[in-house]
There are 2 protein chains.
Amino acid sequence: VTNAREIKSVSIVGVGLIGGSFALALRAAGFNGEITGVSSPPAIEAGIAIGAIARGVSLEEAAATADLLYLAQPVSHILQTIEKLSSIAKRDCLITDAGSAKSEIARKASECLSRSFFLGGHPMAGKEQRGAEAAEADLFRGRPYVLCPTRAERSAFEEDFRAWLARIGADVLEMSPEVHDSTVALTSHLPQLLSTALAETLAKSENPHLTKVFGPGLIDMTRLALSSPDLWLSILTTNKASVSAALDAFVEVLTDIRDTLDTENLRAHFQTASEYSSKLRKLSFTD
Amino acid sequence: VTNAREIKSVSIVGVGLIGGSFALALRAAGFNGEITGVSSPPAIEAGIAIGAIARGVSLEEAAATADLLYLAQPVSHILQTIEKLSSIAKRDCLITDAGSAKSEIARKASECLSRSFFLGGHPMAGKEQRGAEAAEADLFRGRPYVLCPTRAERSAFEEDFRAWLARIGADVLEMSPEVHDSTVALTSHLPQLLSTALAETLAKSENPHLTKVFGPGLIDMTRLALSSPDLWLSILTTNKASVSAALDAFVEVLTDIRDTLDTENLRAHFQTASEYSSKLRKLSFTD
């Protein structure tokens with residue numbers, strides 16, 4: 001990259017868990033420029049209270065002044081923000097996002113942001129709590145952070161943005177939006193739907209003993225079911241094809257297991273699964 | 001119960017995580033009688049090393065001397081032990097077990113143990129680690145402990161056994177073996193199979209990015225997949241009908257979710273699941 005430039009000002013659009021954590025992480029890593037926020041009044045208040053942002057601004061002011069616009073809203077809102085930015089973003093700023101499904105966002109950006117530089121992103125970090133109140137400077141440390149470049153042309157701020165991602169401890173990977181979406185359909189969206197469907201199956205059962213006779217395994221397996229519908233509806237809607245394929249692959253395996261329930265063949269299913277689960281744990285920094 | 005008697009000697013058949021923990025829990029709660037173990041030489045050695053049992057004995061010696069026989073083996077081994085005990089158990093001892101599926105064990109006991117008193121049990125406690133090395137005196141504290149009485153006639157030692165369960169902190173519930181099995185099919189066996197099938201689905205995928213792009217949710221959802229096939233094969237084999245019914249109910253919900261992926265109806269699934277998951281957490285002491 002020739003004429004690389006330093007990011008002097010950042011605006012977080014959507015000051016929640018992810019946006020707030022990104023701002024705190026920048027500060028903890030030594031970022032000295034201004035960080036503003038575009039969000040609802042209570043979110044701005046929470047973001048100021050935790051020291052993530054200096055003040056709230058309009059999207060127009062953010063678009064006119066920030067070197068880096070960090071869109072950390074639910075996917076459906078990111079799509080709307082990109083539309084709005086099409087006419088107001090300053091020519092040279094870097095726009096990135098933290099949405100969990102990338103293909104539709106990439107399409108929208110290439111349609112609307114021809115004037116500005118867009119680089120899709122997805123930090124694989126989170127927790128059940130929402131809002132800036134739950135933000136943590138270390139949320140991204142040691143976690144995968146996927147970037148989905150879709151243009152040959154790069155923003156003058158991209159090199160500096162990548163340097164900040166390294167300083168906040170994120171483990172940056174690159175892939176196309178389509179590969180990202182089919183990957184997270186299996187590693188994130190499928191587990192979410194299994195947890196939701198498990199909790200719903202129990203909720204629908206008329207067995208009155210369910211809530212008395214359970215162990216820690218059920219608690220683990222229903223944790224993701226606590227997730228917010230608002231976040232997930234737009235993730236799943238914008239990644240429907242990959243999620244449907246992941247569900248089909250899962251139901252095929254589950255049906256095969258059902259058919260081997262009282263046979264020695266069941267052992268092979270348990271062994272394959274146990275080996276894969278052990279492998280994941282060796283790769284993960286989180287368990 | 002008239003002529004109730006105190007338990008003076010206990011033999012643990014299967015000195016592993018559950019059997020070892022039960023022995024440690026008895027000791028911690030003040031039990032002063034002898035505790036012996038019937039198990040493989042390494043398991044006996046481990047049980048002595050952690051202070052759970054005093055010594056190893058043959059099943060014949062245990063059957064001839066113990067007031068309480070505590071069968072803590074995999075379900076298929078419990079079935080075999082009950083057969084062996086039919087000719088050697090002393091007339092008045094109490095035989096109980098810790099197997100995770102109760103109907104087949106109850107049938108086998110009523111067929112083989114007409115001379116002795118049998119009371120099926122299932123402590124809803126455990127962890128991924130196996131063996132007496134992982135045993136803990138507090139494993140049963142605050143956890144459901146299901147008893148499945150199937151006879152009007154009760155052992156003279158039953159009252160004292162129940163008193164010890166209370167002293168070790170177990171939360172005792174009673175239900176029939178059939179109700180137990182259809183309940184744990186939903187709360188324990190279904191979550192186990194979902195975790196196994198999820199890990200297997202990912203293991204079978206040819207996507208090379210799966211092991212790089214995942215978050216803590218996948219780690220939670222694949223923890224149960226680490227469980228031992230040896231334990232689970234006999235649980236699932238002896239509870240096939242209830243487990244199949246639970247799988248069918250789950251696949252029906254999952255299919256319904258798949259069909260609503262890009263509609264507002266998805267919200268109702270998330271809300272039902274989230275409410276149920278919150279309710280479980282309020283009832284649980286473990287999260």
Q) With only heavy atoms counted, which part of A/Ala125 is less than 4.5 Å from chain B, the side chain, the backbone, both or neither? A) neither
**Q.** Donor + acceptor pair across side chains of B/Thr237, A/Asp262 (<3.5 Å)
**A.** no
Q | Sub-4.5 Å side-chain heavy-atom contact between A/Ser182 and B/His209 | A | no
Q | Exercise: identify the closest heavy-atom pair between B/Leu198 and A/Leu186 | A | CD1-O, 4.4 Å
Q. Backbone N or O of A/Pro229 within a donor-acceptor pair of the B/Arg267 side chain at under 3.5 Å?
A. no
Q. Can you find a pair of side-chain heavy atoms, one from A/Leu226 and one from B/Ser278, that are under 4.5 Å apart?
A. yes
Q: Using non-hydrogen atoms and a 4.5 Å limit, figure out which bit of A/Glu252 sits close to chain B: side chain, backbone, both or neither.
A: neither
Q) Is any NZ, NE, NH1 or NH2 atom of the basic residue among B/Lys212 and A/Asp171 found under 4.0 Å from an Asp or Glu carboxylate oxygen of the other? A) no
Q.
Tell me if a side-chain donor or acceptor on A/Thr187 pairs with a main-chain N or O of B/Val213 at a distance below 3.5 Å.
A. yes
Q) Considering all heavy atoms of both residues, which atom of B/Glu200 and which atom of A/His269 are nearest to each other, and what is their separation? A) OE1-ND1, 2.6 Å
Q: Check step by step if side-chain contact (heavy atoms from CB on, under 4.5 Å) holds for B/Glu264 and A/Leu233.
A: CA-CA 8 Å; B/Glu264 261 298 308; A/Leu233 255 61; 3.5 Å; yes
Q | Per-residue contact mode, A/Ser195 against chain B (heavy atom under 4.5 angstrom) | A | both
Q) Checking heavy atoms, do the side chain of A/Leu193, its backbone, both or neither come under 4.5 Å from chain B? A) both
(Q) Please classify the contact of A/Tyr276 with chain B as side chain, backbone, both or neither, using a heavy-atom distance under 4.5 Å. (A) side chain
